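Residue numbers begin at 1 in each chain, while the letters A, B, ... track the order of the sequences. From a predicted model like this one, the values you see are computed outputs, not experimental measurements.
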Amino acid sequence: MAQKPSLPKGTRDFGPEQMFKRNYIIDTIKDVFRKYGFMPLETPAMENLSVLTGKYGDEGDQLLFRVLNSGDFLSKVNDDDYAEGYKSLSPKITEKGLKYDLTVPFARYVVMNQTEVTFPFKRYQIQPVWRADRPQKGRYREFYQCDADIVGTNSLVCEAELLAMVQEVYKKLTFDAYQIAISNRKVLEGIAEVCGAKEEFSRFCVILDKLDKIGKEKVFSELESIGVNEAGLKTLDSILSLTGHNISKLDVLAEIFGTSEIGQNGISEVKETLDNLSLLGFLTDKVSVDFTLARGLSYYTGMIYEVKPTTVKMGTITAGGRYDNLTGVFGLQGISGVGVSFGIDRIYDTLEELNLFPISEAKYSKVLLVPFDEEAQRHSLQLLCQLRNAGIASEVYPEPAKMKKQLGYADKKGIPFVLLIGSEEIKQQRYTLKYMETGNQDMFTIEDVITNLQEEL
RNA sequence: GUGGUUGUAGUUCAGUUGGUUAGAACGCCUGAUUGUGGUUCAGGAGGUCGUGGGUUCGAGUCCCAUCUUCCACCCCA
């Protein structure tokens with residue numbers, strides 16, 4: 001029974017062309033991570049749900065993919081569980097889930113291996129994660145994250161290093177049309193405090209973050225609805241109206257904060273991060289302090305940052321921040337971490353849109369051996385062996401098909417050379433090497449073929 | 001989770017107010033060309049019209065459900 005195959009919603013295949021480009025991005029990021037001293041880590045696709053739930057807020061819990069228990073998953077369920085609905089039923093039939101991000105599994109790893117890891121621990125991790133979101137532009141249910149985190153130190157040198165890496169990665173990708181927005185949860189808390197929204201901090205953040213999307217009026221009216229009074233809005237207005245250089249904005253904000261300890265604290269963290277970044281040799285003109293930057297999962301506690309393209313309509317392509325006590329929920333207190341996450345899929349779309357992928361679309365095979373008959377095919381395998389031993393990527397058409405077919409294969413696959421092997425060649429021990437682009441061809445011994453191809457490399 | 005949108009050949013898409021046998025381009029296969037690809041020419045194969053119901057003498061076309069695509073919201077990479 002033939003059935004049309006299909007993919008689960010929000011998932012994709014990556015064909016060879018796409019993989020070349022994806023690998024280009026991933027390799028570039030990986031190189032930079034390594035250069036900054038990060039070590040690789042991988043964790044399972046699945047985690048126990050106890051590890052995942054409660055770490056991403058209510059929204060996040062709903063977006064977790066749950067894996068149904070194997071076997072008779074109903075064996076532990078009775079009628080009462082069923083009657084009480086999914087909240088009661090769910091924990092009895094599913095105990096594992098697909099990972100939602102790389103940070104929480106990393107925290108789990110650090111806790112489980114705390115005696116082995118050397119702090120500060122710097123690790124990078126490039127793996128798919130899954131979210132049961134409704135797919136949309138630049139949003140998939142399976143997508144790759146590309147994280148680098150440093151845990152076990154409070155130093156703001158880490159923040160600066162991560163921001164430096166961001167700039168180095170995009171420089172290597174020849175992508176320049178982006179801005180890094182930075183802020184600090186403590187600065188936001190300070191703002192909430194002076195605006196009288198301290199009690200509603202998380203809702204305050206969510207609303208504030210929408211500023212560039214829905215505009216000031218709507219933000220203000222939403223803030224009013226959570227109890228921010230007119231004086232508070234006026235203060236906020238003056239903060240949002242701040243212009244000029246990063247440092248001068250921060251200085252004015254410090255005056256507005258007055259005695260708000262947490263706010264002052266946040267400001268000095270931002271300043272120190274910027275200072276460290278310039279000591280590392282990076283201009284801070286790509287970085288702008290943005291007091292409306294409030295996003296981030298609920299676990300961020302200190303510096304936060306996100307990168308957006310400026311000339312392409314695209315969401316955040318890189319984001320990160322500091323989380324003071326992520327390992328705390330797993331029983332390891334006092335470990336602070338800070339990380340950054342590159343969204344490969346969105347970077348891909350951005351580079352594609354701006355035509356920034358290198359033109360040299362890598363093709364693997366340098367030469368295709370084209371045998372005319374069974375005897376030539378046997379002969380070609382020995383030549384293939386010599387070519388490969390010489391380090392030349394080469395392949396043979398696996399059946400003695402018509403030359404038209406074999407040359408067509410080389411043509412479509414973009415293999416630049418073919419080596420024709422027929423009875424005449426075997427007799428002479430000289431083979432016809434043809435350059436596909438021009439159609440020029442000549443006969444050489446296998447040694448000369450190898451020399452010629454090596455010169456081409 | 002809310003609102004909208006999409007689905008016809010391998011791919012991109014036509015298909016009139018419901019009316020005979022559902023078309024095109026590209027791709028694929030064969031031949032022109034028994035030792036020469038990308039060009040050209042000739043011929044050919046390929047479709048349960050997303051799926052399941054319903055209305056009708058008759059459904060690719062209308063209705064309902066469901067899945068899928070894309071977009072916006074919530075939220076997020």
Side-chain angles (χ1 to χ4, degrees), chain A residues 1-12 15 25 29 56-64 99-103 126-147 202-203 205-207 209-210 213-214 218 222 294-298 300 306-309 313-321 339-350 368 370-373 376 397 400-426 431-443:
Chain A
M1 208 195 331
Q3 55 168 16
K4 268 191 182 168
S6 61
L7 282 172
K9 179 191 256 198
T11 65
R12 304 147 298 157
I25 297 173
I29 296 174
Y56 310 105
D58 289 344
E59 291 273 352
D61 281 357
Q62 287 192 326
L63 297 179
L64 285 175
K99 64 177 173 244
Y100 182 89
D101 73 355
L102 301 179
T103 310
I126 302 171
Q127 287 190 270
V129 300
W130 294 267
R131 296 182 188 179
D133 226 350
R134 202 175 273 208
Q136 215 183 108
K137 189 181 178 64
R139 274 175 99 162
Y140 308 95
R141 293 186 135 187
E142 176 185 68
F143 62 97
Y144 275 73
Q145 280 193 338
C146 204
D147 280 23
S202 62
R203 284 169 75 188
C205 288
V206 170
I207 296 169
D209 190 50
K210 292 193 279 191
K213 207 166 198 175
I214 63 174
K218 282 191 176 169
E222 281 192 38
R295 60 165 45 245
L297 295 167
S298 42
Y300 287 129
E306 70 174 33
V307 182
K308 277 184 180 168
K313 191 169 175 281
M314 179 69 64
T316 307
I317 53 175
T318 298
V340 66
S341 177
F342 289 83
I344 302 175
D345 299 290
R346 289 187 178 178
I347 294 172
Y348 184 104
D349 290 345
T350 304
L368 175 74
V370 178
F372 296 165
D373 52 34
Y397 198 85
K402 285 184 182 167
M403 205 188 307
K404 179 184 171 72
K405 187 145 190 168
Q406 300 197 46
L407 292 181
Y409 173 83
D411 190 46
K412 272 177 204 151
K413 209 171 164 185
I415 300 173
F417 292 93
V418 292
L419 195 64
L420 306 183
I421 302 148
S423 52
E424 193 55 31
E425 280 82 356
I426 295 173
Y431 311 93
T432 306
L433 181 66
K434 179 184 173 86
Y435 182 47
M436 292 297 276
E437 197 177 310
T438 59
N440 292 342
Q441 62 185 58
D442 219 331
M443 291 183 84

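- The distance from atom CG of Leu63(A) to atom CZ of Arg134(A), rounded to the nearest 0.5 Å, is 12.0 Å.
- Both Pro135(A) and Arg346(A) lie near RNA chain B, and the one whose nearest nucleotide falls closer to the 5' end is Pro135(A).
- Donor-acceptor pairing under 3.5 Å, judged by distance alone, is absent between the side chain of Arg134(A) and the base of C73(B).
- Not counting sequence neighbours, Phe143(A) has no partner by the ring-ring contact (aromatic ring centres under 6.0 Å, His included) test.
- Lys413(A) comes within 4.0 angstrom of no nucleic acid atom, judged by non-hydrogen atoms across all strands.
- One finds no side-chain N or O of Lys9(A) lying less than 4.0 angstrom from the OP1 or OP2 phosphate oxygen of U66(B).
- Side-chain contact between Ile421(A) and Ile426(A) is present, with heavy atoms from C-beta onward closer than 4.5 Å.
- The residue from Arg139(A), Arg141(A), Gln62(A) that alone fulfils the side-chain hydrogen bond (donor to acceptor under 3.5 Å, both in side chains) condition with Asp133(A) is Arg139(A).
- Whole-Å rounding puts the Asp133(A) CG to U69(B) P distance at 13 Å.
- Among the duplex regions that RNA chain B forms, those built from at least three successive Watson-Crick or G-U pairs under 3.5 Å are B:1-4 with B:70-73, B:10-13 with B:23-26, B:28-32 with B:40-44, B:50-54 with B:62-66, ordered by first number.
- What you find for Asp345(A) and Tyr144(A) is that their closest heavy atoms are OD2-N, 3.3 Å.
- Here the NZ-CG distance, from Lys434(A) to Leu368(A), works out to 12.5 Å after rounding to the nearest 0.5 Å.
- Among the nucleotides A77(B), C71(B), C28(B), the one closest to the side chain of Lys412(A) is C28(B).
- Comparing the same atom, P, in G47(B) and in A22(B) gives a spacing of 12 Å after rounding to whole Å.
- Rounded to whole Å, the distance from CG on Asp61(A) to P on C75(B) is 16 Å.
- Interatomic distance, Leu420(A) CG to Met403(A) CE, rounded to the nearest 0.5 Å: 5.5 Å.
- One distance of note links NZ of Lys402(A) with CZ of Phe372(A); it measures 14.0 Å at 0.5 Å rounding.
- Between the P atom of A77(B) and the CG atom of Leu102(A) lies a distance of 11 Å, rounded to the nearest Å.
- Following rounding to the nearest Å, Ile214(A) (CD1) and C74(B) (C1') show an atom-to-atom distance of 12 Å.
- A distance of about 11 Å separates the P atoms of G46(B) and G10(B), rounded to the whole Å.
- The phosphate of C73(B) (OP1 or OP2) has a side-chain N or O of Lys213(A) nearer than 4.0 angstrom.
- A gap of 14 Å separates the C1' atoms of G50(B) and A9(B), to the nearest Å.
- Proximity of Met436(A) to Asp411(A): side-chain heavy atoms (C-beta onward) are separated by under 4.5 Å at one or more points.
- Rounded to whole Å, the separation between the C1' atoms of G3(B) and C75(B) comes to 16 Å.
- Nucleotide C73(B) holds its C1' atom 9 Å from the NZ atom of Lys210(A), rounded to whole Å.
- Asp101(A) places its CG atom 18 Å from the P atom of C75(B), with the value rounded to the nearest Å.
- Two residues are said to be in side-chain contact when any heavy atoms from C-beta on lie closer than 4.5 Å; Ile126(A) and Phe342(A) fail this criterion.
- Atom CZ in Arg141(A) sits roughly 11 Å away from atom C1' in G1(B) (whole-Å rounding).
- Using atom C1' as the reference point in both A72(B) and U8(B), the two lie 28 Å apart (nearest Å).
- Within the 4.0 angstrom heavy-atom criterion, no nucleotide atom of any strand lies near Gly315(A).
- The gap from the C1' atom of A14(B) to that of U61(B) amounts to 14 Å, rounded to the nearest Å.
- Here A77(B) presents its P atom at 16 Å from NZ of Lys99(A), a figure rounded to the nearest Å.
- The side chain of Glu59(A) lies closest to C75(B), out of U68(B), C75(B), A77(B).
- Heavy atoms of Val206(A) sit under 4.0 angstrom from primed sugar atoms or phosphate atoms, though from no base atom.
- Comparing the P positions of G37(B) and U33(B) gives a spacing of 12 Å, expressed to the nearest Å.
- Here the separation of G19(B) from U12(B), taken at their C1' atoms, is 29 Å to the nearest Å.
- Here Gly10(A) lies in heavy-atom contact (under 4.0 Å) with sugar-phosphate atoms only.
- Here the CD1-OG1 distance, from Ile347(A) to Thr318(A), works out to 4.5 Å after rounding to the nearest 0.5 Å.
- Across all strands shown, Gln145(A) has heavy atoms under 4.0 Å from sugar-phosphate atoms exclusively, and none from any base.
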Check your understanding: Can you give one letter per nucleotide of nucleotides 34-41 of chain B, 5' to 3': B if a protein heavy atom sits under 4.0 Å from the base, S if only from the sugar-phosphate, - if neither?
Key -> -BBBB---

